[in-house]
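Structure record follows, encoded as structure tokens.
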2 protein chains.
Amino acid sequence: MLTISQLASYAGVTVRAVRHYHAKGLLPEPGRDQSGYRRYDAAAVVELIRIRTLAEAGVPLARVRELLVAGEAEFAAAVDEVDRRLRAEIRDRQRHRTRIARLAAGESLVLPPVAVAYVDRMRELGFPERLVEIERDSWIMIAAQVPEQLPAMMAIKHRQIEDPTLRRLYLDVGELADCTADDPRLPALADRVVAFIEAAVAQADVDDDAAGQPVSDDLVALLDEAFVEHFPCAPRLFRLLEQRGWTGWTNIRRTCPEPAGAALGRAQASRPE
Amino acid sequence: MLTISQLASYAGVTVRAVRHYHAKGLLPEPGRDQSGYRRYDAAAVVELIRIRTLAEAGVPLARVRELLVAGEAEFAAAVDEVDRRLRAEIRDRQRHRTRIARLAAGESLVLPPVAVAYVDRMRELGFPERLVEIERDSWIMIAAQVPEQLPAMMAIKHRQIEDPTLRRLYLDVGELADCTADDPRLPALADRVVAFIEAAVAQADVDDDAAGQPVSDDLVALLDEAFVEHFPCAPRLFRLLEQRGWTGWTNIRRTCPEPAGAALGRAQASRPE
DNA sequence: GCTTGACCTTGACGCAGGGTCAGGGCTGCA
DNA sequence: TGCAGCCCTGACCCTGCGTCAAGGTCAAGC
């Protein structure tokens, strides 16, 4: 008769595994000797080797229990299912590998390359880091929410940022980020923002109209909130804009219905955070 | 401000996962509103998306926590380690696939093909199922213990089983399996076993001597025990053999030292279970 | 007889990554 | 005011064991 460790060593598994198989009902509990030790016979070795063989083939223990007493048909079906699972797990791992390879290559992954390029370009052009960060975070959220519309939106942003007038406006917004609510430069800034938006609405490009309503109202509200959190003067700026007939920021709109309603989408695409 | 389910939906994870990340210290606990609900800002969305991105790349959560604040060098090292782990897991799965493919193809796996063929041949030759089963179980244990010596041992067994005299002896052992200890046919059987063993010792083939002492004494004892368990008449048979100067069964030996000691290994190779 | 070390027992916690309940509070809408 | 649908904490569940705790047993050496 064998002790548990002898049994385990014959079958090439650990003592702990044997007790685990007892607990799971895979291997019947053997009789005990007078001191309470489990005592195994050769049949237990064979059964344990069968269990180990299945387990090493990647069969979950719950399945092993069934397969030990299964007929050929169920056995084949179960094996088939296990193989499908293994293939799926291999596919998962391979996807993971390509993802971490891209991470290792320096890609941020939370942001597609086109957006990374945009953010980098902002830094090149001398935008304050604060502004760059909130812009980056906004695009992370947009990319997570509506990834398929990101390229179109990014194209517009790239064009906007290369436009000297608009770039000047952005830079000035960035510089006024930390000003107090009563800063005397704010009304003039609001005027310039409104002037830009109205010009954009007036000459609404045909090819930009495809953008439509790319992001949900919820997300727009969230982005506006993030803007307010990072820019102390934002509430005052918003009030100044409302006095000039515009409301919101990410998706800025007229407070009163506009005659040419089709231009709204174009206005949103120009959100100058 | 966002509720936990809004946050989760923006980042594309479950509410439970968000709380899990809080518990693991991956995502800082946000402030609560007056009713105790967690309230998140946009920065939390971005952080959660970063966590999800790493987690989806197969990075363990413990590593994610480090990587969120890691510099480039540690990041690269960690990524490298994760990739190694993923490769190892893929290799494991692929091994598992080949193993279950072999299982599906009908191979027993607990027994190499050469042993399966031997067991099948026993059935063809009309050996009683009881005898076949204990033989099979013995070989399972031997294959698990000393797989590299199995082919040589199997070659001997194949030759033995095709020898008409020895096959007749085996068949008679099988038929007497269930006889009582006082069965009158047992002494004659013991005589034939001894006659065979002594003949085998006398003409010890040169090419068989390589087998030497293939299995450990422990395993031999276990196999003998299994034999006794399946054959009620075994104790009586053993006593009869001892009266004739032989002890044991799997590794049968002379009770008194034999003049030509070199023949012992040959005797063992002929174990006629 | 005593110690020592190796073995045995049960019970419990731990791991990743959450799923799923239970039992209750809060909110918003009709 | 009632109801649906959120939210909260706490706790147990899954896999396949590893590992520790606290104690009983056994064989060997002195």
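Just so it is clear, the model here is predicted, and its values are computed rather than measured. Each chain gets a letter, A, B and so on, in the order the sequences are listed, and its residues count up from 1.
Closest to the side chain of B:I4, from the set D:dC8, D:dC17, D:dT25, is D:dC8. Side-chain atoms of A:S5 lie closest to C:dC7 of the nucleotides C:dC26, D:dG18, C:dC7. The side chain of A:T14 lies closest to D:dG18 when the candidates are D:dG18, C:dT10, D:dT9.
Both B:V59 and B:Y37 lie close to DNA chain C; mapped to their nearest nucleotides by heavy-atom distance, the more 5′-ward contact belongs to B:V59.
A salt bridge between B:R85 and B:E81 is absent, with no side-chain N of the basic residue lying under 4.0 Å from a carboxylate O of the acidic one.
If you check distances only, the side chain of B:Y21 never reaches the base of C:dG18 with a donor-acceptor pair under 3.5 Å. Taking 3.5 Å as the limit, the base of C:dT20 and the side chain of B:R16 contain a donor-acceptor pair of atoms between them.
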Counting only pairs under 3.5 Å, give me each side-chain donor-acceptor contact of residues 13-25 of chain A, with atom names and distances, residues two or more places apart or in other chains.
| unit_1 | atom_1 | unit_2 | atom_2 | d |
| --- | --- | --- | --- | --- |
| A:T14 | OG1 | A:A17 | N | 3.0 |
| A:H22 | ND1 | A:L27 | O | 2.9 |
| A:H22 | NE2 | A:Y40 | OH | 2.6 |

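To the nearest 0.5 Å, atoms CZ (A:R95) and CD (B:E56) are separated by 7.5 Å.
A parallel orientation is assigned to the rings of B:F227 and B:F238, their planes being inclined by less than 30° (bins at 30° and 60°).
Distances shorter than 4.0 Å separate some side-chain N or O of A:T3 from OP1 or OP2 on C:dC8.
Heavy atoms of A:R63 sit nowhere under 4.0 angstrom from any nucleic acid atom. Within 4.0 Å of B:R38, counting heavy atoms only, lie sugar-phosphate atoms of the nucleic acid but no base atom.
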